[in-house]
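Worksheet: one structure, shown below.
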Protein chains: 2
Amino acid sequence: MDIQKRLLPDLTDVLKKRYTILHHISTTGVVGRRALATHLELSERVLRGEVDFLREQGLLETESSGMKLSDSGRQLLEDMEPIVKELLGLSDLEETLRTRFSLRQVVIVPGDSDVSELTKKEVGRAGAAALRRYASKNDVVAVAGGSTLAEVANFLTPSVQMKGCMFVPARGGLGESVELQANSIASTMAKKAGGQYRLLHVPDHLGEEAYVSLMQDPNILEIVEVIRSARIVVHGIGDAMVMARRRKVDSQTIQELMAEGALAEAFGYYFDREGNVVHKMQTVGLRLEDIQETEVVIAVAGGKSKGEAIAAVMKFGHEDVLVTDEAAATELLKFI
Amino acid sequence: MDIQKRLLPDLTDVLKKRYTILHHISTTGVVGRRALATHLELSERVLRGEVDFLREQGLLETESSGMKLSDSGRQLLEDMEPIVKELLGLSDLEETLRTRFSLRQVVIVPGDSDVSELTKKEVGRAGAAALRRYASKNDVVAVAGGSTLAEVANFLTPSVQMKGCMFVPARGGLGESVELQANSIASTMAKKAGGQYRLLHVPDHLGEEAYVSLMQDPNILEIVEVIRSARIVVHGIGDAMVMARRRKVDSQTIQELMAEGALAEAFGYYFDREGNVVHKMQTVGLRLEDIQETEVVIAVAGGKSKGEAIAAVMKFGHEDVLVTDEAAATELLKFI
DNA sequence: TTCATCGGGACATATTTCGTCCCGCACTTT
DNA sequence: AAAGTGCGGGACGAAATATGTCCCGATGAA
């Protein structure tokens, strides 16, 4: 089924549309074209095209009093139920989450990244597709680090609209291992997508005075300017404690994080369950106010265990696109 | 899968097209667009559209030297194999039979009518769809009898292009039970499709002199004229011996049929394995020469046991459309 | 009888698909 | 080194298709 969706992406839409038409007729018994059109929020002409088609297929019959299902139509509707459950399940879930968090788009990949490495890759692929979709020429794309983003980078391919895109790390060093650092990922993405990249080399765990002096370096300042002008931000979402430990944050800070109820982490900021920022890593790059201004913020994260963290970041309220997997999405529902 | 095909009939075509593209690239390694287009017999522009799409999906990559599969492309190709086997199996079979017997169209429904009543109904549905496809306004449609044709009649629905169609029995009484007689079926079809019908009431088992006197009756003559002007003929195909017995043909004739190697029966004629007519039922209506002149001859028959009989009638060589099921089609292959 | 609603015909207009030609580039052959 | 071949991709008009809009006669309810 999802193989078919790879080769025919609008299969879902068409199937869904035709199913809902049949379904609606089934429940109403006999219904007129215009009434049905307004109910399903389809233009009259489009519905008519579909009805003509369904009649050709012998699935419904038209009389002067309206349209009704044929026997085969009723039978088909029954047979479709499992398919539709799977099909509508995900796309309905997408729609639910999209409206709930006021997002522009939600993409849900079947599976659980916690369980299957393959699902994780699929999330990466979907993330890359989303990025391709929203990117346009000469955009500045700021990317965060993490294993999920590394997967996204893997699946990028050269495309027309990403030609000339500039990839930059969203923020400076955060203590990740090299291959998962935002710098590496930005350069990988640029190479894969056929764009430019610029890196931001600053040490991890900056002290206050080091920070101040860094911000006076004209080279650093220039690249930071570029970063802050990003039209697109792509980032992963992590569990606060897991991230803190992986980045070898000192134990005192960990204590503080716990005390503040830090639950999720994204692009160097820590969020509590309500989506409030409770802590930020000391480094340079994108600031919170920049994120709020960014045109397209794409979050990519999957796995059942990350459900709550994703919910927290979504509540933060400045995301535009969420790419996740079925397990995380289902989990996510519990926190809205 | 075949549920999806009901709701999206060109799914097969698209999937097949895209699969063959990927498959071909896979075997060639790296190949250019124009070379590929000529090989696949696609116009360059169409192939290009598909390639653009497949690249968007991350299934193939393009370089200056040509196109090659990406890793996901290779993976997908592998995953598709079972689907394609099922998908291409049938449509390839359709194409093979179509060219082998020089037909205009072959429709194969999955299953075996001998085993499943449902498949038999599906064959009927497909037959009705085929009839709908070839019919145009004010056509004369001659139909034969039999259980399969009865199913076809069941699935007819009113449609624009069949408005005003005239349904007539192909030939007079052949000794069938009432509900399977051509007369009944013609009237059912007319009612279902919203057309007219005229019947031909002549007794079964005509003697020579009765035949001659009948053919002088002006009423009979007139309707026979209409029948012989039919643009479309729809008929089933039966096993010769089974049909002979069902129609209570006298034992002497049965002996003759066996001696002549009669294998198949269609519209009152008996055929041997080579498709030669070895016997005809004594009644009025469509003659062999009329069939040969008819614009669209549609044969509808399914079931593994009928494979050989279908082959015989196909070899007769005056059919245009064959609607059958998977079992019969596979069986059919053995006799070409 | 009136009136609302039905399916379906008709037609101008968006939108997409398709055919065709050309370009610059990389690579091979001469 | 020069010429030739095949590559992907850009461009653009023609053709096909999808869509919005309005109208018509039929049918059934009020």
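Proteins get letters first, then strands, A, B, ... in listed order; numbering begins at 1 in each.
Side chain of M67(B), nearest nucleotide from dG8(D), dA11(D), dG7(C): dG8(D). Among dG20(D), dC18(C), dC22(D), the nucleotide with an atom closest to any side-chain atom of R45(A) is dG20(D).
Judged by closest nucleotide on DNA chain D, R34(A) is the one of R34(A) and S64(A) placed further toward the 5' end. Mapping R48(A) and S65(A) onto DNA chain D by nearest heavy atom places R48(A) closer to the 5' end of the strand. Nearest-nucleotide positions on DNA chain C place V51(A) closer to the 5' end than the other of V46(B) and V51(A).
Between the CD atom of E61(B) and the P atom of dG8(D) there is a distance of 13 Å, given to the nearest Å. Separating the CG atom of L54(B) from the C1' atom of dG8(D) is a distance of 15 Å, rounded to the nearest angstrom. Between E63(A) atom CD and dG25(D) atom P the separation is 22 Å, expressed in whole Å. Per the geometry, NZ belonging to K68(A) stands 16 Å off P belonging to dC6(C), to the nearest Å. Atom NE2 in H39(A) sits about 13 Å away from atom P in dC6(C), given to the nearest Å. Following rounding to the nearest Å, D52(A) (CG) and dG7(C) (C1') show an atom-to-atom distance of 10 Å. For the pair I25(B) CD1 and dC7(D) P, the computed distance is 12 Å after rounding to whole Å. E50(A) has its CD atom 12 Å from the C1' atom of dT19(D), to the nearest Å.
Using a 4.0 Å cut-off between charged side-chain N and carboxylate O, E295(A) and R104(A) make no salt bridge. Classification of E50(B) and R18(B) as a salt-bridged pair holds, one side-chain N sitting under 4.0 Å from a carboxylate O. Using a cutoff of 4.0 Å between basic side-chain nitrogens and carboxylate oxygens, K68(B) and E63(B) are scored as salt-bridged. No salt bridge links K16(B) with D13(B); every basic N to acidic carboxylate O contact stays at or beyond 4.0 Å.
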Could you please spell out the steps behind the side-chain contact (heavy atoms from CB on, under 4.5 Å) verdict for E56(B) and R133(A)?
CA-CA 9 Å; E56(B) 284 300 305; R133(A) 170 169 171 184; over 6 Å; no
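Residue contacts shown for V30(B) are absent, as no nucleic acid heavy atom lies under 4.0 Å away.
At least one side-chain nitrogen or oxygen of S43(B) sits closer than 4.0 Å to the OP1 or OP2 atom of dG19(C).
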